[in-house]
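Structure incoming, see below.
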Amino acid sequence: MRILCVAEKPSIAKSIAGILAGGHPSNRPGKDKFCRNYDFQYRMPGVQGMVDMTVTSVRGHLTNADFGPEYKAWYSCSPADLFTAPIMTNLSDDAKAIGLNLRNEARNADALMIWTDCDREGEHIGSEIVAEVRKVRRNIRVMRARFSAIIDSQIHAACQNTVELDWRAADAVESRIQLDLRIGAAFTRMQTLALQNHIPALNEARQVISYGPCQFPTLGFVVDRYNKVIEFVPELFWLLQLHKTRSMSGGDPAPEDPPDQIRKVVFNWDRGHLFDKLAVEILRDLCRASPLATVDNVNSKQTRKWKPYPLTTVELQKSGSRLLRLTPKRILDIAESLYQKGFLSYPRTETDQYDKEFDFNALIAKQTADGAWGGIAQRLLDGAFERPRNGRNNDKAHPPIHPTSHANNLTGDDKRVYDYVTRRFLGSCWTDAIGTQTTVNVSVAGEKFHASGLVILQRNYLEVFTYDKWEGNLLPPFVRGETFTPTRLEMKQGATTPPKLLTEADLVSLMDKNGIGTDATIAEHIAKVIERQYVMSVKEGKTSYLVPSTLGIGLVEGYNQLNLEKSLCKPVLRRETEFRMSLICAGERTKAETIAESVNEYREVFALTNRQFGRIAETVLSYLTDPNAGQEARAVEIGEHDEDDDVDAINLISDSDSDGDSDDGGGGPARGQGAARGAGRGRGAASRGGSTRGGRGGAAAGRAAPRLDRSGPDNDGGSKDARPGSDGSGSPSCLCGEAAVERTTNKAGANQGRRFYACAKPMGDPSKCDFFEWADTANTRSGFSNGSAPRTVPAKRSVPADTDEWSSNMRSTSSWSGSGSVRRCDCDLQAVRRTSGKSGANQGRSFWTCGRESIKLRCKFFEWDDDESPTTSTRAVNSSSGGGGGGGGGGASGACYRCGQSGHWASDCTNEQRTTANASGRGSAPKRGGAKRRGSGKTRGGGSGGRGGKDDGCFRCGKKGHWSSECPGT
DNA sequence: GCAAGGTC
């Protein structure tokens, strides 16, 4: 018997072969330069004699999806046709040799064992391998080896307990591939041609204005933050501060005290600051009237600075970009090359937990040779070692990033990245830093103040992880119950400061949180929006900030003007795609259904965008030609508060008053300068925004300025500080946990005028969540197509974890538990039974999901509350929706996007009330179903409708009645 | 001349 094993990448093939062979298997070159073939014999349980094994690999995906030749040229068809154009999937050019190797090796194999990574993409790559092998061995037996780490015991267990390939996961990926291609190509061609037509400069530069479901939300984040910065209106606040100068030996300083024994202690106000100047003045006067301070409490407690978590790709990119000041893409490229050289482990991982059996000692031992940290590595080996903290992520495919061997001849950025990874690894294997924190609480005339000191007792991990700073601050002695006269009591004025522009690290975080891209692609998306000239990286001091170009702002503003409920510049559509993929994985939807549904939805958005693209083009043009535009970016003061990552940083401007008349001389000038600077910047930014942004000035002025309130919980003085709208009177809570606001749908269509609940935060606020609920169905959570929030972070790499779970989910002859039993979700909480309110085949059906209250925090656990296996439920969905749907487009199990009724697609909708506004386009919109493209591109002119384009106007000159390829103007 | 996702 001979089994052909295929891994996702050469390094894994080598490791697996080494483990299964129990040493060094013989190996021979394959047809591809990187993918070698390893041969050995293996004893499989239940099989007589030894099995001949060959382990080889692919290099990621084997195939690429693209349109057929008749659609490839940009003028060959209307961009709208790309939503239905056939997609061809072929071996990529650089996978030709790999395919040949697979076919050669499979010819004399009895079985194929898939060893790709255990995630959705891995299942899809597995399906590509199966397809390739079946070209020569149609009926070959396929087995899936499931492993979560390259550890001997796991690899042997995976080999001996194979499961089925997860075809649903592969289908989910397939649907994403098709959707991304159609959306990307259609929108890119449409907007590029339309903008080139409108704007000669873009035409001359032949500049591609690409659209991508990850690119545009990435751009959207940058523009949102930029808008927040320039529209920011500072708000003044006031606070009290108490100073006491004291000798370290206790008591007031004496003349013989050396200077380093004298400490100026600043006591901060427990109220933080208030936005009511009069209130602060009154409190200050009260303190002045009886200025004696009483020490209410002196509290010392042990504190610690936590050592870093194990390193994930996203964290490497974030911290690397912040600390090493390299772009995320450069960091990933360097990590990749260090991995290739054998210095680092696999650099694309979401895992921040080490496997129980991880061999730390061997890896730490390799670092004892290092001149800089060798001694520390030795101390770890000698007993200082402490297991790294566990993070919350585990992709079950790769361990956290760590050094795999010692490197002593690296230079430049390679060395800086290697050093960071290694110091972080060693730091995570040490113990937290320990210190003693002392807090002194005092009161003056009933007002409370506090000061803190820190004594670092053990630096521990800080000795090797030198990127973390922890500075001690020694307080002179204070005794509970004592009284003293403050050296000064000040009232200070400050102002809220605008958020800073995004750094690349910020953007990586935002993308990660919102599920835009994956750990391996986030950096590429950022590089892409820079390459497309939507975003510029502007260096200010040591930090690079991302500033949208006029083109980038124009595009986002243009799209925002369309008021689409699901903005193309926001992450919500991407999340829907992810959510739909998860439904395919759960067996609730089929690939065909999902693709049809998504394509239908996107095509509607496309048609709407296309018809109104003139507005977008005008907006872009206005930004590109505005002589003031682009100055804004430079005018925005960036990098001023480099040390503070807080978006709502406080800028303490000046002393507005001091403790006594005698100090006025010192406080006066400082106040004057500071106030002028703060106010000047605020007005300047606001007016710049207003002057260059035309009509938006009013809206910007009407927006509430972000307000900071750092007052303590005991704050009872500043009623003005209370945030509006947080009391939630009858409103549901949004995903941020705050009261949602009621809004009205303005998009033309069946739901125009309908009320819904959404997050109260302003548009453009990156922290605004995507909560959505119709006001009239607030108690019946509808399906995601109505906007109920899907999970925040996509399951780029998510399949069930342990073998048992895997088996129960993957085997169709399942150990599916019966109804009524208590179930536990993936968080190991008691699962909660809910009922599907969504119209369609599963309406009213009960299911079990994660027990957490917050939708945002729920795990991916999902089970139907009946006896059906996932396979059965898939069939149920198929049959019912297939019957209900019209025509060849699959079933319409969801609601029609035009009239809101279920049972038919929007294209087949006969409900005349569907168009209420926007008479210019919508009323005359031809039906999609009536004019499906068939045959070659030559026949396209005959189709009178359904594809936009010709009837919506030529993409070159904008006139109707001819295709852009036939445009007389070209 | 379009996307995003693997990997090298």
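For the numbers below, each heavy atom of this structure counts, side chains included, while hydrogens, waters and symmetry mates do not. Letters go in sequence order (proteins before strands), and every chain restarts at 1.
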| task | Could you please name the option among dG1(B), dA4(B), dC2(B) that lies closest to any side-chain atom of Arg176(A)? | result |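 Within the option list, the nearest is dA4(B).
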
| message | Heavy atoms only, 4.0 Å cut-off, all strands: where does Ile177(A) land among base, sugar-phosphate and nothing? | response | base

| said: Are Phe187(A) and Phe606(A), when compared by the centres of their aromatic rings, separated by less than 6.0 Å? | reply: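 Distance test on ring centres: under 6.0 Å, yes.
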
| message | Please classify the nucleic acid contact of Leu181(A) as base, sugar-phosphate, or nothing, using heavy-atom distances under 4.0 Å. | response | base

| message | One thing to verify: whether Arg348(A) and Glu336(A) come together as a salt bridge, which I'm taking to mean a side-chain N less than 4.0 angstrom from a carboxylate O. | response |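 The answer is yes: the pair qualifies as a salt bridge.
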
| Once you round it to whole Å, what is the distance between P of dA3(B) and CZ of Phe83(A)? |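 Interatomic distance, CZ of Phe83(A) to P of dA3(B): 14 Å.
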
| message | Please pick, from dA3(B), dG6(B), dA4(B), the nucleotide with the shortest atom-to-atom distance to any side-chain atom of Ile125(A). | response | dG6(B)

| task | Could you please name the option among dG6(B), dA3(B), dC2(B) that lies closest to any side-chain atom of Asn64(A)? | result | dA3(B)

| task | Please determine if Lys318(A) and Asp512(A) form a salt bridge, counting it only when a charged side-chain N lies under 4.0 Å from a carboxylate O. | result | no

| field | Atom-to-atom span, CD of Glu128(A) to P of dG5(B) - whole angstrom | value | 15 Å

| Please give, in whole Å, the distance from dG5(B) C1' to Leu62(A) CG? | 13 Å

| query | Looking at dG1(B), dA4(B), dC8(B), which one has an atom nearest to any side-chain atom of Leu193(A)? | reply |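 That would be dG1(B).
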
| Earlier contact from the 5' end, DNA chain B, for Leu82(A) and Ser92(A) | Leu82(A)

| query | Separation of Leu573(A) atom CG from dA4(B) atom C1', in whole Å? | reply |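 Nearest whole value for this atom pair: 15 Å.
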
| said: Let me spell it out: for each of Lys72(A) and Thr63(A), pick the nucleotide of DNA chain B with the closest heavy atom. Which residue's pick is nearer the 5' end? | reply: Lys72(A)

| request: Would you kindly give the CZ-to-C1' distance between Phe606(A) and dC2(B), to the nearest whole Å? | output: 12 Å

| task | Pick base, sugar-phosphate or nothing for Arg182(A), based on heavy-atom distances below 4.0 Å to the nucleic acid. | result |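 Nothing: the residue Arg182(A), judged by heavy atoms under 4.0 Å, touches no strand.
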
If you look only at distance, which donor and acceptor atoms sit under 3.5 Å apart when one is on a side chain in residues 171-179 of chain A and the other is two or more places apart or in another chain?
| unit_1 | atom_1 | unit_2 | atom_2 | d |
| --- | --- | --- | --- | --- |
| Glu174(A) | OE1 | His124(A) | NE2 | 2.9 |
| Ser175(A) | OG | Ala172(A) | O | 2.7 |
| Arg176(A) | NH2 | Glu121(A) | OE1 | 3.2 |
| Arg176(A) | NH2 | Glu121(A) | OE2 | 2.7 |

| Would you say Asp166(A)'s side chain and Glu123(A)'s backbone share a donor-acceptor pair under 3.5 angstrom? | no

| task | Would you mind classifying the nucleic acid contact of His525(A) as base, sugar-phosphate or nothing, using non-hydrogen atoms under 4.0 angstrom? | result |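 Sugar-phosphate, backbone atoms only, no base.
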
| task | Measure the distance from OH on Tyr602(A) to C1' on dC2(B) and round it to the nearest whole Å. | result |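 Distance, rounded to whole Å: 15 Å.
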
| Does Tyr346(A) make a side-chain N or O approach to OP1 or OP2 of dT7(B) shorter than 4.0 Å? |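 So the side chain of Tyr346(A) is within the cut-off, an N or O lying under 4.0 Å from OP1 or OP2 of dT7(B).
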
| field | Separation of atom CD in Gln215(A) from atom P in dA4(B), rounded to whole Å | value | 4 Å

| task | When you get a sec, tell me which of dC2(B), dG6(B), dT7(B) is the closest nucleotide to the side chain of Lys9(A)? | result | dT7(B)

| query | Should the pair Glu8(A)-Arg59(A) be classified as a salt bridge under the 4.0 Å nitrogen-to-oxygen rule? | reply | no

| Nucleotide nearest Glu524(A) (side chain, heavy atoms from C-beta), chosen from dG6(B), dC8(B), dT7(B) |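 Closest of the options to the side chain of Glu524(A): dT7(B).
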
| Which is true for Tyr211(A) with a 4.0 Å heavy-atom rule: it touches a base, it touches only sugar-phosphate, or it touches nothing? | sugar-phosphate

| said: I want to check one thing: is the phosphate of dG6(B), taken as OP1 and OP2, less than 4.0 Å away from some side-chain N or O of Thr116(A)? | reply: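 For Thr116(A), the contact criterion (side-chain N or O under 4.0 Å from OP1 or OP2 of dG6(B)) is not met.
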
| query | Picking from dG5(B), dC2(B), dG1(B), which would you name as closest to the side chain of Asp66(A)? | reply |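 For Asp66(A), the side-chain atoms sit closest to dC2(B).
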
| query | So, Lys96(A) and Asp32(A), do they make that salt bridge, N to O below 4.0 Å? | reply |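 Salt bridge between Lys96(A) and Asp32(A), a charged N being under 4.0 Å from a carboxylate O: no.
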
| query | Looking across every strand, which nucleic acid part, if any, lies under 4.0 Å from Thr192(A) by heavy atom: base, sugar-phosphate, or nothing? | reply | base

| said: Rounding to an integer number of Å, can you tell me how far Met88(A) CE sits from dA3(B) P? | reply: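 Going from CE in Met88(A) over to P in dA3(B) covers 20 Å.
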
| task | Between dA4(B), dC8(B), dG6(B), spot the one nearest the side chain of Glu121(A), thanks. | result |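 Nearest nucleotide to the side chain: dG6(B).
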
| field | Distance test, side-chain N/O of Arg532(A) to OP1/OP2 of dA3(B), below 4.0 Å | value | yes

| With respect to the side chain of Lys528(A), which nucleotide from dG5(B), dA3(B), dG1(B) is positioned closest? |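 Nearest nucleotide to the side chain: dA3(B).
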
| message | Please pick, from dC2(B), dT7(B), dA4(B), the nucleotide with the shortest atom-to-atom distance to any side-chain atom of Asp180(A). | response | dA4(B)

| Contact class for Ala186(A) vs. all strands (heavy atom < 4.0 Å): base, sugar-phosphate, or nothing? |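 No contact.
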
